[in-house]
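These notes are about the structure you will find just below.
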Amino acid sequence: MNSISPECQELKEKYDACFNKWFSEKFLKGNTKDECGALFEVYQDCVKKAVKEHKIDLWELEKSVLRTDKEKKDPS
Amino acid sequence: MSSWSSEHIFEHPWEDVVRAAFRKYPNPCNPAVKGVDVVDRRVCPKGTIQSHRLLSTEFPLPDVAARIIGTPDRNFISEHSTLNPTHKLFKLESRNLTLGHLVTVHEHLEYYPHPEDRSKTCLRQKSTVRVNVPFLSGYLEKLLIENFEKNAQKGRNGMEWVMNQIKEEDTSSRVKPESSDILTQLEMKFKKEAEDFKQSMGSFLKNTQTNPSPL
């Protein structure tokens, strides 16, 4: 499968191969320690750069406001 | 706003289905999907995987709708998902990013084991569409909703195709060690036979030198 940016293609393929192997051989068997972090970091940097260049406005899920500074405190 | 929902049963266990879900594209049943990237992914302390993916597709509008709304070169979709291996639940939620001011398609999917048969997996799917075109929203929403079942069927067929691919990969990776065993055994057999032949030639030559031919 292609990346949205050709510059990220090789990084994507390496990361996807690592993740798919780890997911089926480790994660689904109970070992949840991430083994593809280093590959993902490099790939993710490339993707974020491509998102900026394409001016894509991503849909981010709203974070819960509870237990953050934005939560309004009870005046009493 | 209009909505559509469906339920489907895959004749595969949950683990096989979610492996395929992460590797769904490319597949020949969904040629409209042109690119997939992982924008963010975390393995949380609770042991769940949270992902945010960006998909690039051809804009899948029926002709009439496309003529009114337009046909951009590429349609981008944001997809957020959470996979919980303890509860065996994989939830996905996606929304289009392109032409969002005119049409919003919001999809929810849930994959979970069949409550009565763990060798099967249920897929519950719901899509909502909102069209923001004066006077035509009802008509265009109806047109888009009619397409959802057709596209959902393509998606399920795509999943079946990917699951078959994975099964073949798993089988060939199990066969490879046996093949190398056979080659090793053949190699050892040839080496032994060569060694035996060398020894019998050596004995023959020794005999010949000790007892020369009367001729």
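These numbers come from the heavy atoms of this one structure, side chains and all, not from hydrogens, waters or symmetry mates. Residue numbers start from 1 in every chain, and the chains themselves are labelled A, B, ... in the order their sequence lines are given, proteins ahead of strands.
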Using side-chain heavy atoms (C-beta onward) and a distance below 4.5 Å, is [X] in contact with [Y]?
X	Y	answer
B:Val18	A:Phe27	no
A:Val47	B:Val38	no
B:Lys24	A:Met1	no

*What are the two closest heavy atoms between A:Gln44 and B:Asp40, and how far apart are they?*
NE2-OD1, 3.2 Å

_I need the minimum non-hydrogen distance between A:Phe40 and B:Val39, along with the two atoms involved._
CZ-O, 4.1 Å

*With a 4.5 angstrom heavy-atom cut-off, could you sort out which part of B:Tyr25 is near chain A: side chain, backbone, both or neither?*
both

*Contacting region of B:Glu93 [heavy-atom separation from chain A under 4.5 Å]*: both

*Where on A:Asn20 is there a heavy atom nearer than 4.5 Å to chain B: the side chain, the backbone, both, or neither?*
side chain

Enter the distance from [X]:[atom1] to [Y]:[atom2] here, rounded to the nearest 0.5 Å.
X	Y	atom1	atom2	answer
A:Ile56	B:Ser56	CD1	OG	8.0 Å
B:Arg23	A:Asp16	CZ	CG	9.5 Å
B:Leu97	A:His54	CG	NE2	13.0 Å

*asked:* For A:Ser3, is there any backbone N or O sitting under 3.5 Å from a side-chain donor or acceptor partner on B:Lys34?
replied: no

_B:Asp37 side chain vs A:Ile4 backbone, donor-acceptor pair below 3.5 Å_ = yes

*Decide if the gap between the ring center of B:His52 and the ring center of A:Trp59 is smaller than 6.0 angstrom.*
no

_Using a 4.5 angstrom heavy-atom cutoff, name the option from A:Asp57, A:Leu58, A:Val51, A:Leu28 with the most pairs to chain B._
A:Leu58

Taking atom [atom1] as the centre, does [X] end up with more than 12 heavy-atom neighbours from other residues, nucleotides or ligands that are less than 6.0 angstrom away?
X	atom1	answer
A:Glu10	CD	no
B:Arg19	CZ	yes
B:Gln165	CD	yes

*asked:* Can you tell me which of B:Thr48, B:Leu83, B:Thr86 forms the most heavy-atom pairs within a distance under 4.5 Å of chain A?
replied: B:Leu83

*Does a donor on one side chain and an acceptor on the other come within less than 3.5 Å for A:Tyr15 and B:Arg41?*
yes

